[in-house]
Structures are given as C-alpha cells and as structure tokens.
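Residue indices begin at 1 and follow the sequence shown. All of these numbers come straight from a predicted model, not from anything done at the bench.
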Amino acid sequence: MKYVTLLMLLLLSMSVSADDDREAVGNVLDALHTNASNADFDSYFGLYDDNAVFIGTDASEVWSLTTFMAYAKPHFDKGSGWTYTPRDRHIYFSPDKKVAWFDELLDNEKLGETRGTGVLIKQDGKWKVTQYHLTIPIPNTIADAVAEQIKAIDR
C-alpha cells in the first residue's frame with residue numbers, strides 16, 4: 001500500500017509540474033503579445049533567447065534576433081508595435097520538459113486571422129522564445145489562386 005501511495009504522489013507531482021510549465025509558457029506567449037502591442041521593446045525582446053529566429057509572413061523574413069530587433073526598433077520607438085490577439089492555443093513539451101512548442105490562432109486588425117507557431121526553451125528555470133513563426137493561413141478553397149498570385153510576383 002505504501003508503494004501505491006508513493007506512486008500516486010509521484011504521478012500527481014508530475015501532472016502539477018506539467019500544468020505549471022504549460023501555464024508558464026502560456027504566460028510568456030501572452031506577455032510577448034502584450035509587450036508587442038504596447039511597443040515595449042525591452043520587455044518584448046527580453047522574452048527571446050539570444051539565438052532566437054523570427055520568421056515572418058514574407059518568404060524573405062527569416063531574421064536573427066539582432067536583425068529582428070533592428071526592424072522593430074523604429075516602430076516601437078514611435079509607439080507603434082503590433083497587436084495580435086491569441087486564441088485557440090496548443091502547447092506541447094519534449095519528454096525532458098526543456099523544450100516546448102506551440103501553435104495558436106491570432107486575430108489582427110489588418111491581416112485578419114493569422115497563425116503563430118514556435119519553440120521555447122527552458123533556461124535557468126525560465127522559458128525563452130527561440131523561434132517564432134507568423135503565418136497567414138490560406139483556406140484551401142483559394143489556395144490555388146493565391147499560389148498563382150505568388151508565382152506571378154516571383155516571375
């Protein structure tokens with residue numbers, strides 16, 4: 001009986017730990033969106049790992065953290081960040097709980113529905129964004145037409 005009780009406590013503590021990590025990752029992502037919307041440069045970029053990569057909606061936008069910071073700085077300095085309101089977020093973890101990845105649908109006034117995906121790593125007990133990828137999901141019913149428009153630009 002004693003071993004069953006210990007096993008139950010171990011399983012319960014693992015579940016609580018997973019919930020804590022899920023909440024912590026969600027808090028980082030929420031802070032990321034809030035800080036971007038408030039054009040809070042230091043707080044926003046403080047959530048990224050030093051080796052982070054930001055992948056934007058344009059195929060040419062694969063930016064190191066320093067490149068992304070240089071892009072964002074003039075916008076943030078003018079007080080105009082970007083506002084994406086998250087919904088329908090899913091968070092996943094590696095077996096060792098040191099890596100998390102996510103996908104989330106986002107609402108944006110200009111672009112409408114977008115999707116953010118990315119990876120966070122746990123460093124010194126804190127979660128840091130190491131990759132963020134912003135996309136515009138294209139409904140299958142118009143994908144062929146959009147692909148043709150992209151091909152026309154690339155010609």
Side-chain angles (χ1 to χ4, degrees), residues 1-76 81-140 143 146-147 150:
M1 184 67 182
K2 180 168 52 171
Y3 295 110
V4 171
T5 303
L6 286 173
L7 180 61
M8 296 287 283
L9 287 172
L10 178 64
L11 290 173
L12 180 62
S13 70
M14 288 172 56
S15 175
V16 169
S17 176
D19 289 344
D20 289 348
D21 280 330
R22 187 173 311 284
E23 183 177 348
V25 167
N27 289 341
V28 169
L29 295 173
D30 288 342
L32 194 74
H33 296 305
T34 299
N35 293 335
S37 185
N38 293 335
D40 185 340
F41 186 87
D42 291 334
S43 296
Y44 178 78
F45 285 102
L47 297 169
Y48 284 91
D49 170 59
D50 291 341
N51 297 311
V53 175
F54 183 90
I55 304 168
T57 57
D58 189 284
S60 68
E61 297 172 341
V62 180
W63 296 334
S64 68
L65 184 61
T66 54
T67 302
F68 184 40
M69 291 171 80
Y71 164 80
K73 184 91 170 105
H75 297 285
F76 279 42
W82 41 85
T83 301
Y84 290 86
T85 305
R87 60 180 168 86
D88 197 23
R89 179 182 290 158
H90 306 100
I91 300 171
Y92 313 91
F93 294 94
S94 64
D96 66 2
K97 304 288 190 250
K98 293 181 180 177
V99 177
W101 58 97
F102 69 93
D103 64 88
E104 60 187 358
L105 292 177
L106 306 160
D107 294 315
N108 175 268
E109 187 175 317
K110 178 180 173 188
L111 299 176
E113 182 178 74
T114 61
R115 175 178 286 134
T117 62
V119 179
L120 292 88
I121 54 176
K122 199 171 198 178
Q123 297 177 333
D124 301 322
K126 292 184 178 184
W127 288 101
K128 293 284 193 169
V129 177
T130 195
Q131 182 190 75
Y132 195 94
H133 186 183
L134 181 65
T135 63
I136 302 171
I138 300 169
N140 289 334
V146 172
I150 293 169

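- With sequence neighbours left out, Asp103 forms a side chain to side chain donor-acceptor pair (under 3.5 Å) with His90, Tyr92.
- Considering only residues two or more places apart in sequence or on other chains, Trp63 meets the ring-ring contact (aromatic ring centres under 6.0 Å, His included) condition with Phe68, Tyr71.
- In Asp50, the CG atom is not crowded: 12 or fewer heavy atoms of neighbouring residues, nucleotides or ligands sit closer than 6.0 Å.
- Looking at residues two or more places apart in sequence or on another chain, you find a side chain to side chain donor-acceptor pair (under 3.5 Å) between Asp40 and Ser43.
- Under the side chain to side chain donor-acceptor pair (under 3.5 Å) criterion, Lys122 pairs with Asp21, not counting sequence neighbours.
- Scanning for side-chain contact (heavy atoms from CB on, under 4.5 Å) contacts around Asn140 gives an empty result, with sequence neighbours left out.
- Considering only residues two or more places apart in sequence or on other chains, Lys73 meets the side-chain contact (heavy atoms from CB on, under 4.5 Å) condition with Phe41, Asp77.
- Not counting sequence neighbours, His133 has no partner by the side chain to side chain donor-acceptor pair (under 3.5 Å) test.
- Residues satisfying the ring-ring contact (aromatic ring centres under 6.0 Å, His included) test with Tyr44, not counting sequence neighbours, are Tyr48, Phe76, Trp82.
- Within the structure, the side-chain hydrogen bond (donor to acceptor under 3.5 Å, both in side chains) test picks out the following pairs touching residues 109-119 (sequence neighbours left out): Arg87-Glu113.
- Here the closest heavy-atom approach between residue Ser94 and residue Trp101 is recorded as N-CZ3, 3.4 Å.
- In this structure, Lys128 contributes its side chain and Gly46 its backbone to a donor-acceptor pair below 3.5 Å.
- For residues 54-63, no residue pair satisfies the salt bridge (Lys or Arg N to Asp or Glu O under 4.0 Å) rule, not counting sequence neighbours.
- Shown here are the side-chain contact (heavy atoms from CB on, under 4.5 Å) partners of Ile150, two or more places apart in sequence or in another chain: Val146, Asp154.
- Residues passing the side-chain contact (heavy atoms from CB on, under 4.5 Å) test with Gln131 are Ile55, Val119, sequence neighbours excluded.
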